[in-house]
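Note that this is a predicted model, so its numbers are computed, not measured.
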Amino acid sequence: MSEIQEYIKKILSENPVILFMKGTANAPQCGFSMRAVEALREVGVKKLATVNVLDDQEVREGIKQYANWPTIPQLYVNGEFIGGCDIILEMAESGELKEVLEPTGVLND
């Protein structure tokens, strides 16, 4: 496993819920990342860990290879790839996103 893949694995192991995105949760740098953050907040995520892929080209490319998923943002729960913007929005709408997130403790009480 490459150094960047090891780094990504470490980040995933340290954060039960993490969004690899363009920008930050408070200042998204693209519409897809913004919609993903909004969906997570709407289902009740109080503290969202994020990685700004614009800060590091290696992470930006590495995360795409890690999940074999070509686009950003990417949501991970307990180290498992959940999906990109469209999947996040669909899961939020169906209630499935909240179900997936409940066991992690990141939702508002």
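- A distance-only check finds no donor-acceptor pair linking the side chain of Q29 to the backbone of T24 [under 3.5 Å].
- Between atom CD1 of residue I63 and atom CG of residue N68 there is a gap of 11.5 Å, rounded to the nearest 0.5 Å.
- Paired with L97 under the rule side-chain contact (heavy atoms from CB on, under 4.5 Å), one option of V77, I88, I87 passes, and it is I88.
- The line from CE of M91 to CG of L40 is 10.0 Å long, rounded to the nearest 0.5 Å.
- Within the model, atoms CD of E93 and CD of E42 stand 10.0 Å from one another, a figure rounded to the nearest 0.5 Å.
- Residue I11 comes nearest to N15 through the heavy atom pair O-ND2, 2.9 Å, listed as atom of the first residue, atom of the second, then distance.
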Pair up each side-chain donor or acceptor in residues 50-60 with any protein partner under 3.5 Å, not counting sequence neighbours, and list the distances.
residue: N52; atom: OD1; partner: G23; partner atom: N; Å: 2.9
residue: N52; atom: OD1; partner: L54; partner atom: N; Å: 2.9
residue: D56; atom: OD1; partner: E58; partner atom: N; Å: 2.9
residue: D56; atom: OD1; partner: V59; partner atom: N; Å: 3.3
residue: Q57; atom: NE2; partner: E61; partner atom: OE2; Å: 3.2

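- We find the CG-CD distance between L101 and E96 to be 10.5 Å, quoted to the nearest 0.5 Å.
- A donor-acceptor pair is defined here as one N or O able to donate and one able to accept, closer than 3.5 Å; no such pair exists between the side chain of S33 and the backbone of M21.
- Between I72 and K64, some side-chain heavy-atom pair lies under the 4.5 Å cut-off.
- When the side-chain hydrogen bond (donor to acceptor under 3.5 Å, both in side chains) test is applied to E102, no partner is found at least two apart in sequence or on another chain.
- For E80, there are no side-chain hydrogen bond (donor to acceptor under 3.5 Å, both in side chains) partners at least two apart in sequence or on another chain.
- The OG atom of S94 lies 11.0 Å from the CG atom of L89; values are rounded to the nearest 0.5 Å.
- Of all the heavy atoms in C85 and A36, the pair that sits closest is SG-N, 4.4 Å.
- When all heavy atoms of V43 and A92 are compared, the pair lying nearest together is CG1-CB, 4.0 Å.
- When the side chain to side chain contact (heavy atoms under 4.5 Å, CB included) test is applied to A67, the partners found at least two apart in sequence or on another chain are W69, Q74, Y76, F81.
- Between L107 and K98, the closest side-chain pair of non-hydrogen atoms falls below 4.5 Å.
- The heavy-atom pair separating G62 from I8 by the smallest distance is C-CD1, 3.4 Å.
- Between the side chain of K46 and the backbone N or O of V106, no donor-acceptor pair lies under 3.5 Å.
- Listed by chain and residue number, nothing satisfies the side-chain hydrogen bond (donor to acceptor under 3.5 Å, both in side chains) test with E3 (two or more places apart in sequence, or in another chain).
- Rounding to the nearest 0.5 Å gives a distance of 11.5 Å between NZ of K9 and OG of S2.
- Remark: E6 engages M1 in a side chain to side chain contact (heavy atoms under 4.5 Å, CB included) (not counting sequence neighbours).
- Taking all atoms of both residues into account, the shortest heavy-atom contact from P16 to T104 is CB-CB, 4.2 Å.
- Residues V17 and M34 are members of separate hydrophobic clusters, defined by side-chain heavy-atom contacts under 4.5 angstrom among Ile, Leu, Val, Met, Phe, Trp and Tyr.
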